[in-house]
J.: 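One structure is given below, represented as structure tokens, and several questions about it will come after.
This is a predicted model, so every value here is computed, not measured. Positions are given from 1, in the same order as the sequence printed here.
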Amino acid sequence: MTSTQLSPVDLRRTVDGAALGFADTTELMALRLPWIGQERAEQAARFGLTMDQPGYNLFVLGEVGSGRSTLMAQMMRDEAARRPVPPDLCYLHNFDVPEHPLALRLPAGEGRLLRQLMGQLAKKLQSDIPKRLAGADFKAESERLENADKAEDEQSYLELSAFAEARNFVLMREQGNMVFTLKDAKGEPLTAGKALALTREQRAAIDGAEEALRAEISRYLEKTRARERILNEALAALRRQSVKPMLDHELQGIRNEMRKQIKDTVKLGSYLEQVQHDVLENLEVFQPSEDEEVRLQALVEILSRFRVNVVVDNHGLQGAPVILEDNPLFRKLFGSIEYESDSDVLVDCNV
């Protein structure tokens, strides 16, 4: 047997870096991990992931370091990329049952769009409604209604005064109250001393006249309250009539912006109709008042009903999402109910 002496150069393996196809090993992180010697496992996993029915699960076993987690995550991403992007999930205010918000599913990206549009609507209402209710046309019509009511009230009061005068009473209005005084034959107020000098028949006649006057005053006050109610309803209708075209235009703009076909179109349409009704029924809150603090609190409460809570935002997502949860607790999988304290009692938080 012969021996050959080797030099250190002969014992070193030299590899051409250019032949490897990468500059450094960080580029290898993005490469796919092959299923080496696990063809059946690969087929079973792919079959399980393509099961498009609820109630099916994959249970994966393997030795530590076999790459089972990496391989499954890799395959899940491949399968998810071929599936459609799931819808966004939003919660809207429920006008009928506020503690149970309405779940609304929208095409991916439409959730944040709806939130933005409703936010713009809230700002526009705060600026445009006061302008419309301060316009010349609205002022002229409201003054006409108020002047007509005032004229009718003055006519009714003149009739009531004539009724009192015919029965020797002087009628006056003091701070919204009706005050009447009996006159004597000379037209002067009847004093207590003069009243004692009256005969029984005269006193009975005065009592009857006073009772008739009180009844007439009651009828007058009932007519006044009815007239005030009619005036308030007419002014409220005028406010709605002035604001409704603008509100219709803005809400139609939101409907037009939500162009894509959505599953919950009816639910969204019903919500926007309730928003319109809520605004039209609370127009006085959008106008300056003597108690600004109370008005602003009411305005904030109303505008809070227009906020859109985007729970799931799939904007910019390609394919279906892949969620990796190393600690799948019940709360993480199904969520939980948040509570807030109200007079030392825990109540569900409104979404």
Side-chain angles (χ1 to χ4, degrees), residues 80 84-129 247-283 285-286 295-325 328-343 345-351:
V85 179
D88 291 346
L89 177 61
C90 305
Y91 278 118
L92 307 176
H93 177 77
N94 189 335
F95 289 88
D96 298 324
V97 190
E99 61 272 18
H100 295 290
L102 301 173
L104 180 69
R105 290 172 177 80
L106 298 170
E110 297 280 291
R112 60 168 54 190
L113 175 60
L114 180 60
R115 179 176 59 190
Q116 177 184 357
L117 293 174
M118 292 303 297
Q120 293 173 353
L121 174 66
K123 292 180 180 179
K124 191 168 183 63
L125 294 179
Q126 294 180 73
S127 62
D128 285 14
I129 289 179
L247 188 56
D248 286 338
H249 176 75
E250 295 300 325
L251 292 177
Q252 188 57 44
I254 293 177
R255 295 185 182 95
N256 294 337
E257 285 289 337
M258 308 298 291
R259 295 180 298 273
K260 297 182 180 179
Q261 294 294 325
I262 62 176
K263 182 179 180 181
D264 294 335
T265 303
V266 176
K267 187 181 295 185
L268 177 60
S270 176
Y271 170 74
L272 294 178
E273 289 177 359
Q274 289 179 308
V275 166
Q276 182 183 52
H277 181 268
D278 194 40
V279 172
L280 294 177
E281 290 299 315
N282 294 281
L283 290 176
V285 178
F286 291 86
R295 183 189 74 87
L296 291 176
Q297 289 178 353
L299 180 61
V300 169
E301 181 180 351
I302 291 174
L303 295 179
S304 67
R305 302 168 193 162
F306 307 158
R307 287 200 297 264
V308 178
N309 187 356
V310 182
V311 182
V312 178
D313 184 5
N314 289 319
H315 173 75
L317 189 66
Q318 301 294 328
V322 176
I323 301 174
L324 301 178
E325 179 55 66
L329 300 177
F330 182 88
R331 179 170 182 169
K332 291 184 178 181
L333 293 176
F334 300 100
S336 61
I337 300 175
E338 295 182 359
Y339 294 91
E340 60 184 7
S341 178
D342 184 8
S343 301
V345 177
L346 292 179
V347 297
D348 296 356
C349 293
N350 293 339
V351 178

J.: CG of L317 to NE2 of H315: how many Å apart, nearest 0.5 Å?
T.: 10.5 Å
J.: How long is the span from the NZ atom in K123 to the CG atom in L121, to the nearest 0.5 Å?
T.: 12.0 Å
J.: When you measure from the side chain of N94 to the backbone N and O of V97, does any donor-acceptor pair fall under 3.5 Å?
T.: yes
J.: Looking only at heavy atoms, which two atoms of R255 and G269 are closest? And how far apart?
T.: NH2-O, 4.4 Å
J.: Less than 4.5 Å apart, any side-chain heavy atom of E325 and any of K332?
T.: yes
J.: Find the distance between CG (L104) and CG (L114) and round it off to the nearest 0.5 Å.
T.: 6.5 Å
J.: Once rounded to the nearest 0.5 Å, what's the spacing between atom CD of E110 and atom CD of E257?
T.: 9.0 Å
J.: Does the D88 side chain pair with the main chain of G111, one donor and one acceptor, at a distance under 3.5 Å?
T.: yes
J.: Could you check if a side-chain atom of F306 sits within less than 4.5 angstrom of a side-chain atom of L125, using non-hydrogen atoms only?
T.: yes
J.: Verify side-chain contact (heavy atoms from CB on, under 4.5 Å) between F286 and V279, making sure each step is shown before the conclusion.
T.: CA-CA 9 Å; F286 291 86; V279 172; 4.3 Å; yes
J.: Could you tell me whether Q318 atom CD has more than 12 heavy atoms of other residues or ligands within 6.0 Å of it?
T.: no
J.: Does the side chain of P86 reach to within under 4.5 Å of the side chain of N314, using non-hydrogen atoms?
T.: yes
J.: Can any side-chain N or O of N309 pair as donor or acceptor with the backbone N or O of C90 at less than 3.5 Å?
T.: no
J.: Thinking salt bridges, do R305 and D278 make one under a 4.0 Å N-O criterion?
T.: yes
J.: Does the side chain of P101 come within less than 4.5 Å of H93's, by heavy atoms?
T.: no
J.: Would you confirm whether S270, through its side chain, and K267, through its main-chain N or O, come within 3.5 Å as a donor-acceptor pair?
T.: no
J.: Which pair of non-hydrogen atoms, one from L251 and one from L272, has the smallest distance, and what is that distance?
T.: CD1-O, 3.7 Å
J.: I'd like to know if the side chain of Q252 pairs up with that of N256 as donor and acceptor (distance under 3.5 Å, no hydrogens or angles considered).
T.: yes
J.: Which heavy atom of L117 sits nearest to which heavy atom of M258, and what is that distance?
T.: CD1-SD, 4.2 Å
J.: Tell me, do Q274 and D96 make a side-chain contact under 4.5 Å, heavy atoms counted?
T.: yes
J.: Pair D313, V310 - check side-chain contact (heavy atoms from CB on, under 4.5 Å), show working.
T.: CA-CA 6 Å; D313 184 5; V310 182; 3.9 Å; yes
J.: Any non-hydrogen side-chain atom of Y91 less than 4.5 Å from a side-chain atom of V308?
T.: no
J.: Would you say L92 and R307 make side-chain contact, with heavy atoms under 4.5 Å?
T.: no
J.: For the NE2 atom of H249 and the CD1 atom of I254, what is their distance to the nearest 0.5 Å?
T.: 10.5 Å
J.: Hey, could you give me the CD1/CG distance between I129 and L247, rounded to the nearest 0.5 Å?
T.: 7.0 Å
J.: Does Q126 use its side chain to pair, donor to acceptor, with the backbone of A122 at less than 3.5 Å?
T.: yes
